[in-house]
Asker: 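This is the structure I want to talk about, given as structure tokens.
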Amino acid sequence: MRLPAAILSTLLLGAVLAGPARAQAPRQIKAAGSVELPDAAGDMGPITTSEGEEPPLDVVKLAIASDGSRLSVAATLKDAPGKLATTVVELFIDTDNAAATGATLTRGGQRGFEYRAELRLCMSYQDGAASCAGGSSKAAPTRRWGAMEVKRFKGRDDFDREDVLSALGFPGEKRSVEVPMKGQVVEASFDYADLKLKPGQQIRILAREAGGNPKDGSGDFPEVLLTLK
Ligand SMILES: [Ca+2]
Ligand SMILES: [Ca+2]
């Protein structure tokens, strides 16, 4: 079939106009002190484990708040969690708000991050085990809480990093706070000092939904430029 020339050029023009919209950089939200980011329900596929599939930890709201000495992160889940302890949200933090310094993300390619903080959903189980990553697939959970796992990127490579804060508290590492899970909210926090932050400092945060396989391929929230309280 042959298309008339006029229709063909309209189609091509349409394709050119649609191009830049898709390639557009993600929008950045400016916030002072705190920010709340709503998120779609149903945008996460199941978590793949060696034992099979687990239901995803689908975040519907992410709240980030600073109080002058601590930064807290709270994720509201669409459904009650199963029995798998794992990361709910990853936060990549550009502490000097400069893309030219820090690590480049292997997945996504965004630049400039000095730290990665993970909001973990931790659980203890009937058999006495506790986990913030993986968990016991046989025993039933008896308690659930939120904790932070923080790493510092040493350079450009996002796999080259050192421990700052340990979710479960391995010997020799500073242990995260434990915040009991309330309803469907997983929350934890870290000290400004853990990331060498000061009140009034402006930091760039890229949060990423991590408890499952994001259906859009990235799970990225809009970037936030946050001025700390
Ligand atoms: Ca979601
Ligand atoms: Ca930086």
Side-chain angles (χ1 to χ4, degrees), residues 25-31 35-48 53-64 66 71 73-82 84 86-121 146 150-162 164 181 183-187 190 192-198 200-228:
R27 73 200 163 94
Q28 191 181 67
I29 295 170
K30 282 194 173 134
V35 67
E36 280 197 358
L37 305 171
D39 190 68
D43 59 347
M44 294 295 277
I47 304 169
T48 312
E53 287 192 343
E54 286 282 329
L57 302 171
D58 184 355
V59 176
V60 292
K61 187 175 84 174
L62 183 66
I64 302 172
S66 65
L71 189 90
V73 180
T76 306
L77 304 180
K78 173 176 164 276
D79 302 306
L84 186 74
T86 192
T87 304
V88 182
V89 175
E90 285 179 303
L91 301 110
F92 299 98
I93 303 174
D94 178 0
T95 53
D96 57 3
N97 187 26
T101 56
T104 300
L105 304 186
T106 301
R107 188 158 71 78
Q110 294 96 329
R111 299 163 61 227
F113 302 99
E114 278 70 36
Y115 293 89
R116 183 187 74 184
E118 287 176 73
L119 175 63
R120 297 269 182 96
L121 171 60
V150 180
K151 309 262 190 218
R152 188 182 76 83
F153 295 121
K154 293 178 176 177
R156 210 55 88 194
D157 178 354
D158 66 348
F159 284 98
D160 187 15
R161 57 208 180 201
E162 63 184 14
V164 174
M181 197 172 168
Q184 270 153 226
V185 179
V186 182
E187 181 174 353
F190 56 75
Y192 284 9
D194 294 329
L195 280 69
K196 302 184 171 62
L197 300 171
K198 300 262 185 296
Q201 191 171 333
Q202 202 171 44
I203 61 173
R204 185 169 62 99
I205 301 173
L206 171 66
R208 185 170 276 180
E209 203 169 7
N213 291 308
K215 291 179 181 171
D216 73 352
S218 87
D220 288 358
F221 286 83
E223 275 191 9
V224 176
L225 192 60
L226 181 70
T227 305
L228 297 173

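Here, residue 1 is the first one in the sequence, and each next residue gets the next number. Atoms within a ligand are numbered from 1 in the order they appear, just like the ligands themselves.
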Asker: Report yes if some heavy atom in the side chain of Gln201 is under 4.5 Å from a heavy atom in the side chain of Leu195; otherwise report no.
Answerer: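 No, their side chains stay 4.5 Å or more apart.
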
Asker: Applying side-chain contact (heavy atoms from CB on, under 4.5 Å), run through Asp43 and Asp216 and close with a yes or a no.
Answerer: CA-CA 7 Å; Asp43 59 347; Asp216 73 352; over 6 Å; no

Asker: Is the Ca ion (ligand 1) less than 3.0 Å from at least one N/O/S atom of Ala40?
Answerer: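 Yes.
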
Asker: Please report how many protein N/O/S atoms lie under 3.0 Å from the Ca ion (ligand 2).
Answerer: 8

Asker: Taking atom NZ of Lys151 as the centre, report whether more than 12 heavy atoms of other residues, nucleotides or ligands fall under 6.0 Å from it.
Answerer: yes

Asker: Any idea which heavy atoms bring Val186 and Gly146 closest together, and the distance?
Answerer: CG1-CA, 3.9 Å

Asker: Kindly indicate, with the supporting measurements, whether the criterion side-chain contact (heavy atoms from CB on, under 4.5 Å) is fulfilled by Gln184 and Val60.
Answerer: CA-CA 10 Å; Gln184 270 153 226; Val60 292; over 6 Å; no

Asker: About how large, to 10 degrees, is the angle O of Val59, then the Ca ion (ligand 1), then OD2 of Asp39?
Answerer: 80°

Asker: Vertex the Ca ion (ligand 1): angle to OD1 of Asp43 and OE2 of Glu209, to 10°?
Answerer: 100°

Asker: Could you report the tightest heavy-atom contact between Pro222 and Leu37, atom names first, then the distance?
Answerer: O-CD1, 4.3 Å

Asker: Which atom, among the N/O/S set of Asp58, is closest to the Ca ion (ligand 1)?
Answerer: OD1

Asker: Considering all heavy atoms of both residues, which atom of Gly212 and which atom of Pro56 are nearest to each other, and what is their separation?
Answerer: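 Looks like CA-CB, 4.4 Å.
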
Asker: So do the side chains of Glu209 and Asp58 get within less than 4.5 Å of each other, counting heavy atoms only?
Answerer: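 Of all side-chain heavy-atom pairs linking Asp58 with Glu209, at least one is under 4.5 Å.
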
